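For clarity, every value in this text was computed on a predicted model and none was experimentally measured.
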Amino acid sequence: MLVFPFTVPLDPSGQMLDQAQGVYARSLARALAERLTQPPHLAANLATLTADGPLDGEEGRRGHGWVVASQPWTVEEACQIGLPEGTEYVLHGSAELTDRVRLRILLVDSPQRKLALDHVVLRPRNELFSALEEAALEVARAVGEAPPAVAWPTRDVEAYLAYLRGRDMTAAHENGVRVPDPKRSFDPYLEAARRDPLFADAQERLLAMALDFALGGQGPVEAAREGCEKLLGIDPAAYKAHAALAEIDLVEGDAITAEQRLRHALSLRPDWSPGFERLGTALLGQERYREAIPCFEKALEERHDDADALQGLGTALFECGQLEEAVRAWQEVLELGAGASAHLHESLARALAQLGRRDEARAHRAMARKIAGKPRFGLYLLREAWEWLCGGTGPRH
């Protein structure tokens with residue numbers, strides 16, 4: 001089924017009575033879609049939203065914000081929506097969250113062109129989880145399935161609502177919707193973490209947003225740093241927050257500080273294998289290749305298919321003159337199908353050329369050029385000619 005954002009109450013001029021209701025309309029629809037997903041029997045996908053203005057609509061002066069409908073569709077209107085292949089149902093309705101939660105769930109059977117469910121949920125605000133479970137149960141029954149048995153990530157209603165506001169902010173950044181103040185984008189997740197320090201998913205999503213800001217350019221890097229530091233103020237044992245700050249340090253070229261942060265993270269969680277991979281990367285950035293090797297090997301003890309650790313290990317081995325071992329590590333990356341980059345093929349070409357395996361080196365260099373979209377001329381062709389003149393035994397390409 002395709003799940004659309006719930007509609008919200010509007011005033012006579014067509015504006016939302018409360019901007020927060022738009023957030024909850026989108027967020028409760030998202031929560032219900034996730035609650036209804038249980039492959040292979042049920043798949044509830046949230047419709048991608050677009051906006052004709054900034055997130056809050058600026059009171060209608062510059063668009064309508066991020067809400068796509070003001071009232072539920074008729075069955076005929078819902079059946080006219082172009083659905084992805086294999087999608088049978090459209091789920092929409094209306095939502096209102098004040099001191100109570102009110103949901104009207106409308107499920108349209110698109111192939112049969114009929115309303116499969118019209119159900120109203122009305123409960124006190126502190127029974128939000130029960131309200132969403134009731135809605136999921138009714139929808140699942142309407143399509144002949146049992147509702148998925150999934151545990152809620154927290155039992156604190158207000159922490160969950162803060163988390164939903166954070167999810168909405170994350171989606172806004174991902175879809176390029178302009179938000180009023182990017183520096184405050186982390187506030188909802190931080191509120192969720194303060195209300196429930198054991199709310200792991202709120203922390204995970206805060207850190208994911210921080211990395212999207214720092215690595216993906218979705219927001220100010222300083223805001224990402226501040227968000228991670230505030231999380232550490234709430235939970236000093238949040239080892240992944242130290243790792244996220246280290247990732248920002250690595251992006252900014254400060255491998256020394258990144259190393260310090262990662263060692264502290266590993267002191268908090270010594271069995272965290274991704275931390276060893278990132279520590280190895282920080283050591284590579286300082287050209288401490290021999291020290292990096294055991295870090296990558298430690299990461300690979302738990303995850304043999306860690307492509308980043310294998311690629312880092314290959315680099316460290318190559319720089320230490322262990323060419324055969326470096327080639328084996330890089331070839332494992334290719335076998336995984338997760339790292340067929342031009343850089344990797346060029347690295348293999350260098351190592352193989354030094355080992356005298358010139359035919360293989362030329363093949364990898366050609367693949368590097370193909371991936372990079374570079375023509376076969378200039379310095380590349382000159383280098384191949386020089387290698388052939390210096391003793392290559394294979395045929396000339």
Side-chain angles (χ1 to χ4, degrees), residues 1-17 21-53 55 57 60 63-97 101-123 128 131-148 150 164 167-168 171-172 174-177:
M1 68 185 69
L2 192 63
V3 181
F4 282 83
F6 295 133
T7 61
V8 296
L10 302 179
D11 65 18
S13 68
Q15 300 302 311
M16 281 185 286
L17 294 171
Q21 294 303 315
V23 175
Y24 294 131
R26 297 186 293 269
S27 299
L28 293 175
R30 181 183 294 109
L32 188 56
E34 292 174 353
R35 196 71 178 174
L36 284 167
T37 297
Q38 186 182 44
H41 306 292
L42 279 173
N45 299 309
L46 191 67
T48 301
L49 295 177
T50 58
D52 62 355
L55 180 64
H64 302 87
W66 207 17
V67 176
V68 294
S70 59
Q71 61 184 11
W73 296 303
T74 65
V75 172
E76 187 63 29
E77 288 170 335
C79 289
Q80 290 175 1
I81 298 171
L83 300 178
E85 185 177 352
T87 302
E88 300 176 53
Y89 295 92
V90 171
L91 191 153
H92 66 123
S94 58
E96 185 177 1
L97 181 66
V101 55
R102 182 184 186 279
L103 301 171
R104 184 185 180 192
I105 306 298
L106 298 169
L107 184 68
V108 176
D109 183 334
S110 192
Q112 298 297 321
R113 304 183 74 82
K114 67 177 184 179
L115 190 64
L117 176 68
D118 184 351
H119 181 78
V120 175
V121 178
L122 183 63
R123 289 177 181 259
L128 174 65
L132 288 169
E133 285 169 355
E134 178 185 337
L137 175 63
E138 293 298 329
V139 173
R141 283 176 175 170
V143 299
E145 296 286 350
V150 183
L164 289 183
R167 293 285 304 275
D168 193 64
E174 289 174 348
N175 287 279
V177 179

Considering only residues two or more places apart or on different chains, which pairs with a residue in residues 105-114 satisfy side chain to side chain donor-acceptor pair (under 3.5 Å)?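 The answer is Glu76-Arg113.
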Would you call [X] and [Y] a side-chain contact if the rule is heavy atoms closer than 4.5 Å?
| X | Y | answer |
| --- | --- | --- |
| Leu91 | Leu36 | yes |
| Leu107 | Met1 | yes |
| Glu138 | Leu117 | yes |
| Leu164 | Leu28 | yes |

Might you point out which heavy atoms bring [X] and [Y] nearest each other, and give the distance in Å?
| X | Y | result |
| --- | --- | --- |
| Val108 | Cys79 | CG1-SG, 3.8 Å |
| Ala44 | Ala33 | CB-O, 3.4 Å |
| Leu103 | Ala95 | CD2-CB, 3.6 Å |
| Leu32 | Ala136 | CD1-N, 3.7 Å |
| Leu42 | Ala146 | CD1-O, 4.2 Å |

Check salt bridge (Lys or Arg N to Asp or Glu O under 4.0 Å) between Glu34 and all other residues, then give those that pass, not counting sequence neighbours.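 Salt bridge (Lys or Arg N to Asp or Glu O under 4.0 Å) check on Glu34 returns Arg167.
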Output all residues satisfying salt bridge (Lys or Arg N to Asp or Glu O under 4.0 Å) with Arg102, sequence neighbours left out; order by chain, then residue number.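 So Arg102 forms no salt bridge (Lys or Arg N to Asp or Glu O under 4.0 Å) with any residue.
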Identify, with sequence neighbours excluded, every residue that meets side-chain hydrogen bond (donor to acceptor under 3.5 Å, both in side chains) alongside Glu134.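 Partners of Glu134 by the side-chain hydrogen bond (donor to acceptor under 3.5 Å, both in side chains) criterion, ordered by chain and then number, come out as His119, Arg123.
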Not counting sequence neighbours, which residues clear side-chain contact (heavy atoms from CB on, under 4.5 Å) with [X]? List them please.
| X | result |
| --- | --- |
| Asn45 | Leu2 |
| Leu137 | Arg141, Pro147 |
| Ala29 | Val3, Phe6, Leu46 |

Whether the side chain of Ser94 engages the backbone of Thr7 through a donor-acceptor N/O pair (distance < 3.5 Å, no angle test) should be reported.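 No, the answer is negative, given that no donor and acceptor are paired below the 3.5 Å cut-off.
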If a pair satisfies salt bridge (Lys or Arg N to Asp or Glu O under 4.0 Å) and one of its residues is in residues 81-92, list it, with sequence neighbours excluded.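 For residues 81-92, and leaving out neighbouring residues, there are no salt bridge (Lys or Arg N to Asp or Glu O under 4.0 Å) pairs at all.
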